[in-house]
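Being a predicted model, the structure only gives us computed values, none of them experimental.
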Amino acid sequence: MAQPLSEQSKAIVTATVPALEAHGGAIVAEMYTRLLADEDIKALFNQSHQQGDSSQHAALANAILGYARNIDNLGALRSVVERIVNKHVSLQIKPEHYTHVATALLGAIEAVLGQAASREVLDAWGEAYWFLANLLIEAERKMYDDIANAEGGWKGWRDFVIVGIIGESASVKSFVLRPVDGGPVLRHQPGQYLAFDFDHPDTGKARRNYSISCAPNGEYYRISVKREPGGVISGWLHEVAAEGTVLRVAAPAGDFVLKDRPEGEVVLLSAGVGLTPMVAMLETLAANDRSATYLHAAVDGDNLAMEGLSKSLAKRSVIFLETPSDADRAAARYDVEGRITPDWLAANTSTALSDYYICGPKGFMAMAIAGLRAANVDMDRIHFEFFGPAEDLGVA
């Protein structure tokens with residue numbers, strides 16, 4: 001068990017809150033510069049998230065600030081810690097990685113704050129960092145063990161072979177994966193994701209997370225991947241990967257999962273490739289004779305994936321196309337022209353009883369959450385998958 005933080009260190013960390021509010025972004029940018037100088041550590045991060053106005057940087061800056069503000073009330077950070085543990089386990093973060101982060105973080109604080117980063121400040125932040133790190137390490141160790149000991153579970157990376165590829169839309173393909181060893185696979189919770197360890201022939205090591213887009217079955221997984229503009233790994237999967245290609249996969253992780261509340265209606269709300277965890281949820285609900293409302297938004301029919309599957313599984317399925325083509329209209333591939341709006345949600349779903357699951361682009365999610373909150377939906381009935389700072393979605 002981690003030793004409690006000293007009162008002196010708590011006081012010093014609390015006193016640094018104004019400096020973090022002013023310089024947190026610069027500290028995180030400097031920290032990542034130091035971390036990414038190590039090729040082994042660099043491979044843990046999606047490099048497309050390191051460019052420009054990085055949501056990953058913003059998320060970490062907000063997490064550090066939140067830690068400092070709540071140093072006397074760490075229970076307020078429980079959901080954040082749970083999300084971090086799941087992400088770390090998916091990426092196979094190990095105790096030795098924490099030493100690299102400590103060195104980078106303390107070095108960044110000293111470099112950015114200059115003389116304000118006194119020996120006392122650095123010592124206090126070192127103590128605070130290792131207090132939290134040890135809590136995470138212990139929680140991650142337990143999760144690694146639980147996964148390995150479960151039926152079909154494993155530790156580390158396991159080889160899976162692509163046994164099927166399905167074109168779902170102009171930009172999305174599904175990949176069906178079975179373990180090379182022929183054994184069973186861990187039955188994931190609908191909404192979870194898999195992590196992959198790629199060795200790209202041009203750019204080297206890279207890790208990515210992709211949501212599982214099928215119900216748990218004990219035999220295989222399916223992921224559905226959108227080809228992103230300039231995406232190195234998504235481009236490789238779409239252009240090069242074929243049936244017979246072997247991928248290194250970590251066990252399922254993630255806390256965006258269906259809650260066991262059978263008394264309420266389930267509303268699944270997605271846009272774009274955000275539908276992938278929703279399909280896993282829909283298949284699971286249908287298999288258990290539970291109804292669901294599925295609301296999905298896409299730009300047009302060319303970007304509409306897996307609509308046949310979703311319509312066959314949901315009690316009610318409503319497809320929104322923002323700019324449908326004449327062919328989309330002729331084929332009646334949608335139900336509503338335009339975007340999902342807060343007013344539509346309030347008028348067409350049971351806001352007093354439903355549990356809402358949301359996944360999609362940041363702007364879409366911020367709209368949906370704000371609209372549901374305005375309709376007096378409690379936050380404990382609004383569930384979402386988002387790896388950036390919660391403040392970006394209007395959630396404190």
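Taken together through direct or relayed side-chain contacts under 4.5 Å among Ile, Leu, Val, Met, Phe, Trp and Tyr, Met379 and Leu345 form part of one hydrophobic cluster. Hydrophobic clustering (side-chain heavy atoms under 4.5 Å, transitive across Ile, Leu, Val, Met, Phe, Trp, Tyr) groups Leu295 together with Ile369. Both Val318 and Leu269 are assigned to one and the same hydrophobic cluster, defined by single-linkage of ILVMFWY side chains at heavy-atom distances under 4.5 Å. Linking Ile, Leu, Val, Met, Phe, Trp and Tyr whenever their side-chain heavy atoms come within less than 4.5 Å puts Trp154 and Leu247 in one cluster. Met31 is connected to Val80 through a chain of hydrophobic side-chain contacts under 4.5 Å among Ile, Leu, Val, Met, Phe, Trp and Tyr, so both are in one cluster.
Pro324 places none of its side-chain heavy atoms less than 4.5 Å from the side chain of Asp300. Counting heavy atoms from C-beta on, the side chains of Val28 and Ile64 come closer than 4.5 Å. Side-chain contact check for Asp255 versus Gln189: every heavy-atom pair is 4.5 Å or farther apart. Looking only at side-chain heavy atoms (C-beta outward), Lys42 and Asp38 stay at 4.5 Å or farther from each other. Taking 4.5 Å as the limit, some side-chain heavy atom of Glu127 sits within range of a side-chain heavy atom of Leu5. Inter-residue side-chain proximity for Asn209 and Leu91 is flagged as met; some heavy-atom pair is nearer than 4.5 Å. Using a 4.5 Å cut-off on side-chain heavy atoms (C-beta onward), Tyr220 and Leu177 make no contact. Side chains of Val81 and Arg78 form no contact here, defined as non-hydrogen atoms less than 4.5 Å apart.
Counting non-hydrogen atoms of other residues, nucleotides and ligands closer than 6.0 Å to CD of Glu228 gives a total above 12. More than 12 heavy atoms of other residues, nucleotides or ligands lie within 6.0 Å of NZ in Lys205, so this atom counts as buried by the packing criterion. Applying the 6.0 Å contact sphere to CD of Glu151 captures no more than 12 heavy atoms from other residues, nucleotides or ligands. The environment of Arg339 atom CZ is sparse: at most 12 non-hydrogen atoms of other residues, nucleotides or ligands sit within 6.0 angstrom.
Note: Tyr32 and His57 meet the aromatic proximity criterion, with ring centroids under 6.0 Å apart. Aromatic ring centres of Phe160 and Tyr221: separated by under 6.0 Å.
In plain terms, the two heavy atoms of Val85 and Glu140 that are nearest each other are CG1-CG, 3.8 Å. The two atoms that bring Arg158 and Asp181 nearest to each other are NH2-OD1, 2.9 Å, heavy atoms only. The two residues Pro190 and Thr284 make their nearest non-hydrogen contact at CG-OG1, 3.1 Å. A pairwise comparison of heavy atoms in Ala102 and Tyr129 identifies CB-CE2, 3.3 Å as the closest pair. Nearest heavy-atom pair across Met367 and Ile340 is CE-O, 3.5 Å. Shortest non-hydrogen contact noted between Ala116 and Val121 is O-CG2, 3.8 Å.
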Checking side chain to side chain contact (heavy atoms under 4.5 Å, CB included) for the pair Gln92/Trp157: CA distance, chi angles, key distance, verdict? CA-CA 8 Å; Gln92 298 296 296; Trp157 302 102; 3.5 Å; yes
Begin from the C-alpha positions of Glu110 and Arg119 and carry the test salt bridge (Lys or Arg N to Asp or Glu O under 4.0 Å) through to its verdict. CA-CA 9 Å; Glu110 185 174 22; Arg119 186 73 264 158; 5.4 Å; no
Stepwise side chain to side chain contact (heavy atoms under 4.5 Å, CB included) test for Arg248 and Asp159: CA-CA 5 Å; Arg248 282 161 47 85; Asp159 287 344; 3.4 Å; yes
Verify side chain to side chain contact (heavy atoms under 4.5 Å, CB included) between Thr16 and Trp125, making sure each step is shown before the conclusion. CA-CA 9 Å; Thr16 64; Trp125 263 104; 3.1 Å; yes
Can you check salt bridge (Lys or Arg N to Asp or Glu O under 4.0 Å) on Glu307 and Lys311, steps first, answer last? CA-CA 6 Å; Glu307 74 268 29; Lys311 286 182 178 179; over 6 Å; no
Verify side chain to side chain contact (heavy atoms under 4.5 Å, CB included) between Ile358 and Glu385, making sure each step is shown before the conclusion. CA-CA 7 Å; Ile358 310 169; Glu385 179 75 291; over 6 Å; no
Check against salt bridge (Lys or Arg N to Asp or Glu O under 4.0 Å), Arg329 and Asp326: CA-CA 5 Å; Arg329 294 187 179 94; Asp326 290 342; 3.4 Å; yes
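By the 30° and 60° cut-offs, the orientation of the rings of Phe196 relative to Phe198 is parallel. Between His88 and Tyr98, the angle of the ring planes goes over 60°, which puts this pair in the perpendicular group of the 30/60° scheme.
Checked by atom type, the side-chain pair Glu168/Ser174 shows a donor-acceptor distance below 3.5 Å. Under 3.5 Å, the side chains of Ser291 and Glu265 contain a donor-acceptor pair of N or O atoms. For the residue pair Thr351/Tyr356, the side-chain donor-acceptor check at 3.5 Å is not satisfied. For the 3.5 Å distance criterion, the side chains of Arg222 and Ser213 qualify, holding a donor opposite an acceptor.
Using a distance-only test at 3.5 Å, with no hydrogens or angles considered, a donor-acceptor pair links the side chain of Asn62 to the main chain of Ala58. For the pair Asn217 (side chain) and Ala215 (backbone), a donor-acceptor distance under 3.5 Å is present. At least one donor-acceptor pair closer than 3.5 Å links the side chain of His97 to the backbone N or O of Lys94. Between the side chain of Lys155 and the backbone N or O of Ala148, no donor-acceptor pair lies under 3.5 Å. Using a distance-only test at 3.5 Å, with no hydrogens or angles considered, no donor-acceptor pair links the side chain of Glu283 to the main chain of Cys214. For the pair Arg333 (side chain) and Gly301 (backbone), a donor-acceptor distance under 3.5 Å is present.
Atom SG of residue Cys359 and atom NE2 of residue His296 lie 10.5 Å apart, to the nearest 0.5 angstrom. For the atom pair Met143 CE and Ser90 OG, the distance stands at 10.0 Å (nearest 0.5 Å). To the nearest 0.5 Å, atoms CG (Leu113) and CD (Glu30) are separated by 11.0 Å. With rounding to the nearest 0.5 Å, the separation of CD1 in Ile223 from CG in Leu237 is 6.0 Å. Residue Leu36 holds its CG atom at 12.5 Å from CZ of Arg34, rounded to the nearest 0.5 Å. With rounding to the nearest 0.5 Å, the separation of CG in Asp123 from CD in Gln8 is 9.0 Å.
Between Arg207 and Asp197, at least one side-chain N (NZ, or NE/NH1/NH2) sits under 4.0 Å from a carboxylate O, which counts as a salt bridge. A salt bridge is absent between Lys259 and Asp355; no separation between the charged side-chain nitrogens and carboxylate oxygens falls under 4.0 Å.
The other residues sharing a hydrophobic cluster with Leu309 are Phe256, Leu258, Val266, Leu268, Leu275, Met278, Val279, Met281, Leu282, Leu285, Tyr294, Leu304, Met306, Leu313, Ile319, Leu321, Tyr334, Tyr357, where clustering joins ILVMFWY side chains under 4.5 Å apart.
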